[in-house]
Amino acid sequence: MLQDFIASLRNSGVRVSMSETLDAAATVKTVGYDDRQILKDSLSASLAKSHREKRIFDDCFDRFFSAESIRGFSSISPMDRSAVPDVSPLTAMILSGDRSGLSVSMSRAARRVDISAISFFTQKSMYIQRILQEMGLEELKQDIHRMSEQEGSWSKQSLEALQAGRERLFEEIRDFVEKQYRLFASSVPEQIMESYLRRVRLSNLEQRDFERMRRIIQKMVQRLNDRYARRRKRANRGALDLKATLRRNLAYQGLIFDPCWKGKKLDRPEFLVLCDVSRSVQAFSRFMLLFLYSLHEELARIRSFIFCTNLVEVSHVFEECEAEEALAKLKRGVGLELTLGRTDYGQSFQDFKEEAMDRVTNKTTVIILGDARNNYGEPRTDILKRVHELSKRLLWLNPEPPVYWGTGDSEMKRYSPYCFLVQQCSTVTHLERVVDFLLRTPG
Amino acid sequence: MKKVISEKFESIGRIQKGFEGTGYICSQQIATTLYLAFHLDKPVLVEGPAGAGKTELAKASAAYLGLPLIRLQCYEGLDESKALYEWKYGKQLLYTQILKDRLNEILQGSDSLAASVSKLRQHDDIFFSPDFLEPRPLLKALQQEQGAVLLVDEVDKSDPEFEAFLLEVLSDYQVSVPEVGTIAATSKPFVFLTSNNTREMSEPLKRRCLHLYIPFPEPKIEREILRTRVPDLSEALRSHLVAFINQVRKLDLKKLPSVSETIDWARVLVLLHAPDLKPDLVSETLNVFLKFEEDIEIIRERVFEFTQNAVKVP
């Protein structure tokens, strides 16, 4: 019972560990099943560990613990058990209107056929049949058959009652399976959808997936922010700070009693992001801009630029507008001095140098998103080299797979020596890898 | 003592009653979680909006159980020497100075350095014994004979590293001091951790705790709280005030008024001898429960409407 409930919680996206399962079992032992509200509160305390999970939990609990009750068998007149000798238990239960017995039998059958594994709506009828079989449908059919043959010893009334009962039972089970389906399968399509979106190339994504995509990206960015947003101090044990130690121990006659270690302060990171919005990367840039937008929502110190023939700063657009609006504006370059002609990395780098080179310090991470297709123009690697020297890190995310780098007008091969990391980035999984990389290398 | 405490945790209803006696009105959910925390020996991680009574819960528990409350306020850069234990360097130094002669005596007769060291080694742990250990809140809580209520306040403000050594304290109720060994709890303390959700707590920490989310209380409970905290407030005014605050909480403000601010406001109204809620009076006292100029501006425009609605509540 508890196992099933935890399975349904996990399906809905609450992470429940083994030790929490044990806690839940101990909880149930302590409080018992008597009071529904107390049971709910206490399971909630031991299983759902954040506000979001609490909400999912409440929903799941209500669905799960209301699922298993059978109503509507009262119409059958209670029969004297002795009047119906040697019938199957199911028949007896239907005839005597034993609702709780039927309930128990149904949930047992459901557990035997492993209903918690249901994941597609096409499986519903199969599960209904299986549960019926498990409950003893065959015997019930035989009983009905026998009754209709030897009509004498059986009243017509009870035969009708039995047939009505069978119909009723079928409906009950259908309802039950329906509820179970909603309980156990509700999140499966969500998971499948999400994993599909993670794998598909960003340029192939449809408009309607946009919202979903945004959520995935937001999750990722939040993770990044959790690590970064706060200024952290970390004691770097092992490196003695001699000056500070001597100062601190003056009070002890210069005896070194209280050593002082060199601390390492982690600074808030600064990001400068350059995003190519030219036609060659059009489909891709939409999601890159979305990524940028989410970064802007989460990180405090970030400046964004977009470029095509020239380069402009767009941080203010991200800050002022809603996601959809901002992206629409940026794509058409509304209100910006952006020329959407031939892509010119050389000119764009030149603009960047004039506008923001003085902001590049040893705390800055510079990220360039683009395919490095420069239309055979001057690549201006000298500027990139300068950025490389000044910044802490220079990352280049390229939507093209590595085999295309350096072919045709792609200057990737020439740019890559100056980059700390060059990464193909055409799916969310790639993007995630980049975020992981940023997380792994602190500072 | 243990028996008295377990009597106090006999049933959920009794906990609720007992807390009422200390002036803390707790919902059934809170009482249930406390009941479990006692019976399963688990720490409680309390989350919720600021001012909903998280810290107050720990204080009330201490009062209810008659145990000392040991509080550890977390902040960035909090480390084990401030949270767990530290050596009493001064005392160590002083003792070595005082005992200089004795040390000389002991060392007399040993002609080589190696011999001196080996002689000293027979006594070496003296200066690193529990006598020289300065217990900080976590260790102190474990050492209380009768048990204690340990409050780790705003644990989300601490560094992730700090969380890691909290884990040992939380799951096994023990502290490892390399020079001395493992110090286990004399009697297990009740542990409350509070978090304001500035960052997500780590999975292992969550796994070891029961989780309690304290939202802003329902109007009914908030009225109860006001009744116990500000007994001079008339009943009508109390329900009007709660109704008003609840309307304010539905808006999108920079900082929503908390329970403690409701109490403050109630006290102010009592001081001013206000017979009932009037728009002018409300406008003048808005700054008691709203702490940002923008929020005050938003509410000021709607004071009349809100007061009307609030006064309608029976």
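We use all heavy atoms of the structure for the numbers below, so side chains are in, but hydrogens, waters and symmetry mates are not. First the proteins, then the strands, lettered A, B, ... as listed; each starts at 1.
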Assert top hit (heavy-atom pairs under 4.5 Å, partner chain A, pool L93(B), L40(B), L212(B)) equals L93(B)
Return each pair, listed once, that meets salt bridge (charged side-chain N to carboxylate O under 4.0 Å, His left out) where at least one residue sits in residues 162-174 of chain B; pairs must be two or more places apart or across chains. E163(B)-R199(B)
Are Y89(B) and Y252(A), when compared by the centres of their aromatic rings, separated by less than 6.0 Å? no
Quick one: does any side-chain atom of K54(B) pair with a main-chain N or O of V46(B) as donor and acceptor, under 3.5 Å? no
Tell me if a side-chain donor or acceptor on K91(B) pairs with a main-chain N or O of D131(B) at a distance below 3.5 Å. yes
Six-ring centre of F216(B), R249(B) cation under 6.0 angstrom, axis tolerance 45°: yes
Max heavy-atom pair count under 4.5 Å with chain A, selected residue of Q92(B), K42(B), E47(B), H39(B): K42(B)
Tell me the residues of residues 27-37 of chain B whose non-hydrogen atoms fall below 4.5 Å from those of chain A, in number order. Q28(B), Q29(B), T32(B), T33(B), Y35(B), L36(B)
Does K49(A) use its side chain to pair, donor to acceptor, with the backbone of C209(B) at less than 3.5 Å? yes
Decide whether a cation-pi geometry holds between K8(B) and Y64(B); the criteria are a distance under 6.0 Å from NZ or CZ to the six-membered ring centre and an angle within 45° of the ring axis. yes
Consider only side-chain N and O atoms of H211(B) and S50(A), and report whether a donor and an acceptor are under 3.5 Å apart. no
The interface call for T30(A) against chain B, heavy-atom contacts under 4.5 Å, is both
With chain A, the option among R208(B), M201(B), E203(B) that has the most non-hydrogen atom pairs under 4.5 Å is E203(B)
Taking side chain as everything from C-beta outward and backbone as N, CA, C, O, which of these in D23(A) sits under 4.5 Å from a heavy atom of chain B? Side chain, backbone, both or neither. both
